[in-house]
Protein chains: 2
Amino acid sequence: MKGKDEFAFEQPCPIRDILDRIGDQWSLLVLDALDGRTRRFNELLRDIGDISKQMLSKTLKRLEQDGFVRRTLYAQVPLRVEYALTDLGRSFLGPLQGLVCWADAHHKAIVLARRRYANGGDALADAVL
Amino acid sequence: MKGKDEFAFEQPCPIRDILDRIGDQWSLLVLDALDGRTRRFNELLRDIGDISKQMLSKTLKRLEQDGFVRRTLYAQVPLRVEYALTDLGRSFLGPLQGLVCWADAHHKAIVLARRRYANGGDALADAVL
DNA sequence: GTATTGTGGTCTTAAACGTGGACCATGTCC
DNA sequence: GGACATGGTCCACGTTTAAGACCACAATAC
């Protein structure tokens, strides 16, 4: 609720605006975990594994705020909250899948590039003199 | 060069691995800025606008390390460095464009959802009792 | 009866991260 | 001589994040 959120409504560039929200390391993961099935808070916590409660809470709140996720509270005895994708959220899975596929296909190339870089791959970087 | 980078090589899940790298608010923006044309450091700085030198430097370094970007140093008088996409980087633009299109198409819906949420849209959230 | 577990979160504290600005060496312009 | 431009790095500071304690409640275990 600091400055950033105040002006967020007037972001002129859509991709910037959206990246500011979902380009935060966890949102895509949460969206992916929610693909197809409804999940509860602690289920997500376990599914994702290395996200903290706080970050999951915050991430879900933002996704809900932006209309990607619907939060449903059941006033049962142990208290129960379910998270599910909205239509908007589901429609986002398309582009997201594109990314996931690309990641699968090119992961090896990246690991390779990384290793080459680590072994003084700068041979190329400093070349043109 | 702390712990994180040490273990990065053995990330079992490709999408996780890649998200850790390019899901950092700036990488996609830089990649997008590099689409089609070669750019110099300060050009990128100006194009993107609100990125700090440090983050641009760090982001470019990581993109280079992962093989998305090629850095070319010309030993001219005022010193000149050019950044360009590699084949790998270019191949990534496909899925990225998918995201950008989606962002353009659904931006309005998101702003709307956000506004609804701000105006006590919780009517739905607390409903099921 | 008392301790433990599980529910969905929030709060605290400390560490990690990002930012703006100063700074560097070099060369040109005014 | 002073300002600007080049490509960055470094520092101090403020924000963000993470791990874990904590809460209230109910069921289950002992």
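Note on naming: letters A, B, ... go to the chains in the order of the sequence lines (proteins, then strands), and numbering restarts at 1 for each one. Below, all heavy atoms of this structure are taken into account, side chains as well, without hydrogens, waters or symmetry copies.
Between the P atom of D:dA19 and the CD1 atom of A:I51 lies a distance of 10 Å, rounded to the nearest Å. At whole-Å resolution of the value, CG in B:L45 and P in C:dG20 are 10 Å apart. In this structure, NZ of B:K53 is placed 13 Å from C1' of C:dT19, rounded to the nearest angstrom. At whole-Å resolution of the value, NZ in A:K58 and C1' in C:dC11 are 12 Å apart. Atom-to-atom, CG of A:L56 to P of C:dT7 comes out at 13 Å; the value is rounded to the nearest Å. Rounding to whole angstrom units, CZ of residue A:R39 and P of C:dT7 are separated by 12 Å. Computed from coordinates, the B:Q76 CD to D:dA5 P distance equals 18 Å when rounded to whole Å. The CH2 atom of B:W26 sits 15 Å away from the C1' atom of D:dT16 (whole-angstrom rounding).
Between the side chain of A:Q54 and the base of D:dT16, no donor-acceptor pair of N or O atoms lies under 3.5 Å.
Remark: of the listed residues B:L29, B:D24, B:V30, B:D24 is the sole one forming a side chain to side chain contact (heavy atoms under 4.5 Å, CB included) with B:S27.
The shortest distance between the side-chain N/O atoms of A:R46 and the OP1/OP2 oxygens of C:dT7 is below 4.0 Å. For C:dG8, the OP1/OP2 oxygens have a side-chain nitrogen or oxygen of A:R40 closer than 4.0 Å.
Between A:K61 and A:L79, the one whose closest nucleotide on DNA chain C sits nearer the 5' end is A:L79. The 5' end of DNA chain D is approached more closely, in terms of each residue's nearest nucleotide, by B:N42 than by the other of B:N42 and B:S57.
Across all non-hydrogen atoms, the minimal contact from B:R16 to A:D50 is NH2-OD1, 2.5 Å. Contact record, A:K61 with B:Y117: CG-OH, 3.8 Å, taken as the closest heavy-atom pair.
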Going by atom type alone, with no hydrogens or angles, which donor-acceptor pairs under 3.5 Å involve a side-chain atom of residues 84-100 of chain A and a protein atom two or more places apart or on another chain?
| residue | atom | partner | partner atom | Å |
| --- | --- | --- | --- | --- |
| A:T86 | OG1 | A:G67 | O | 2.6 |
| A:T86 | OG1 | A:F68 | O | 3.2 |
| A:T86 | OG1 | A:L88 | N | 3.4 |
| A:T86 | OG1 | A:G89 | N | 3.1 |
| A:D87 | OD1 | A:R90 | NH2 | 2.8 |
| A:R90 | NH1 | A:L85 | O | 3.3 |
| A:S91 | OG | A:L88 | O | 2.8 |
| A:S91 | OG | B:W102 | NE1 | 3.0 |

